[in-house]
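Everything on this sheet refers to the single structure shown next.
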Amino acid sequence: MSKEQIMDVNQSIMSHLENLDSEVEMSIEEDDSDSEFDKLLNSFITSESSDQEDNEIGEIKASETTNYGTDESELAQAYSNFVGAVSSIATMREFEMPDLLFVPESLVPNYKPSIGRKIVIDTLSCWDILFAAYPEKLSTLNPNATDEQFLNFAEGLSDQNLQLAIISYVEILIDIENCEISYEERRLRAQRRRIEKALYEEYQHRRERKKHFIDIIEKKHFPINAERLINNYFKTASRDAKAAFEVLTTNPAVYAPIENDKIKPRFFGLLKVTPKDGIRENHRIGVYLKKLKA
């Protein structure tokens, strides 16, 4: 496999990571124009990690990552093995190691696509060392080699450092894919939690608004069941707010009947309550509610 072909393989991974990152950013922009989703996602990921690891997250060294048993620890270990093998080769051949971007601590609390891109960039840089050290051996690799073919090729090598580098390289690809899947699952769970939070807050807001209007109407001692009136109005308004408000302010009795027994007789009780009094009260309540809305 030529250097260009290996770079094409890695570039396809880089492209996949960028596409995944773009999809995440697009979904965030579609859901919310501000950073609320980012904050919720980070909070969710942190709480998930705390629950799973019993608050044992600290600074992770590459040699210690296997103690955690997560996709991130496996990725960090594979990366450490790969870079370690390449570093040994560079030392023996007196090659200069490239400046690396990834540090294991960046995987705390969890993997993110931006971290994956740094790992891929480092991997590409390390492949330059491998090609410079083993141009003939690596030229026999199939350009379209699968993970299994990479591993079979590694088994036939006598150079332990090159063998470890290629095996670790395959592990990096597998672990990055696993981490991406886990990240997407966490993202979707966090998105669901955000939606549930928004729904709950809207429910609480509606509940408070209902209570506010009910209290105001009850203080006026109108001959109508204020709770029934407001609850039925809100139900209708959820389907057609404009039409519901029109009914509320012109004929509130549609939502709750006028209670004639609660209408005070006029002229000191000399005149009995009639249906016309109910109509008058219905109109009076509607006018009041229209002003209240304004």
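Position 1 is the first residue of the sequence, and the numbers go up from there. Atoms considered below: every heavy atom in the structure, side chains included; atoms not considered: hydrogens, waters and symmetry mates. What you are looking at is a predicted structure, and each value in this text was computed from that prediction instead of being measured.
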> Taking side chain as C-beta onward, heavy atoms only, is Ile121 less than 4.5 Å from Lys118?
Replying inline: no
> Are any non-hydrogen side-chain atoms of His205 and Arg209 less than 4.5 angstrom apart?
Replying inline: yes
> Once you round to the nearest 0.5 Å, how far does CD of Glu208 lie from NE2 of His212?
Replying inline: 11.0 Å
>> Hydrogens and angles aside, do Asp277 and Asn260 bring a side-chain donor and acceptor to less than 3.5 Å of each other?
In response: no
>> Could you check whether Glu184 pairs with Arg187 (Lys NZ or Arg NE/NH1/NH2 to Asp/Glu carboxylate O, under 4.0 Å)?
In response: yes
>> Same cluster or not: Leu164 versus Phe82, using hydrophobic residues (I, L, V, M, F, W, Y) connected whenever any side-chain heavy atoms lie under 4.5 Å apart?
In response: no
>> Is there a salt bridge (Lys or Arg N to Asp or Glu O under 4.0 Å) between Asp215 and Lys211? Walk through the geometry before answering.
In response: CA-CA 6 Å; Asp215 289 344; Lys211 188 177 184 306; 3.0 Å; yes
> Where do Arg186 and Glu180 land on the salt bridge (Lys or Arg N to Asp or Glu O under 4.0 Å) test, with the steps shown first?
Replying inline: CA-CA 10 Å; Arg186 288 193 302 273; Glu180 286 179 10; over 6 Å; no
>> Regarding Asp159 and Gln163, do their side chains bring together a donor and an acceptor under 3.5 Å, going by distance alone?
In response: no
> Does Glu148 have any salt bridge (Lys or Arg N to Asp or Glu O under 4.0 Å) partners at least two apart in sequence or in another chain, and if so, which?
Replying inline: none
> Is the closest side-chain heavy-atom distance between Leu75 and Ile119 below 4.5 Å?
Replying inline: yes
> Taking the six-membered ring of Tyr134 as reference, does the NZ or CZ atom of Arg93 fall below 6.0 Å from its centre and within a 45° cone about the axis?
Replying inline: yes
> Hey, does Leu141 have a side-chain heavy atom less than 4.5 Å from the side chain of Phe150?
Replying inline: yes
> Side-chain donor-acceptor pair under 3.5 Å between Asp175 and Tyr79, yes or no?
Replying inline: no
>> With a 4.5 Å cut-off on side-chain heavy atoms, are Arg206 and Phe234 touching?
In response: yes
>> Is there a continuous path of hydrophobic side-chain contacts, each under 4.5 Å between heavy atoms, that joins Ile224 to Leu292?
In response: yes
> Does a side-chain heavy-atom distance below 4.5 Å link Glu177 with Leu173?
Replying inline: no
> In the single-linkage hydrophobic clustering (I, L, V, M, F, W, Y; side-chain heavy atoms under 4.5 Å), do Ile172 and Val103 co-cluster?
Replying inline: no
>> Less than 4.0 angstrom from a charged side-chain N to a carboxylate O is my criterion; do Arg192 and Glu196 meet it?
In response: yes
> Is the ring centre of Tyr233 less than 6.0 Å from the ring centre of Phe213?
Replying inline: no
> Can you tell if the side chain of Ile167 reaches within under 4.5 Å of the side chain of Asn81, non-hydrogen atoms only?
Replying inline: no
>> Using every non-hydrogen atom in the two residues, find where Leu101 and Asp122 come nearest and quote the distance to one decimal.
In response: N-OD1, 2.9 Å
>> Is there a continuous path of hydrophobic side-chain contacts, each under 4.5 Å between heavy atoms, that joins Ile216 to Leu229?
In response: yes
> With hydrophobic residues grouped by side-chain heavy-atom distances under 4.5 Å, do Phe102 and Met97 end up in a single group?
Replying inline: yes
> Could you give the distance from SG (Cys126) to CG (Leu100), rounded to the nearest 0.5 Å?
Replying inline: 5.5 Å
>> Could you measure the distance from the OG1 atom of Thr123 to the CG atom of Asp128? Nearest 0.5 Å is fine.
In response: 11.5 Å
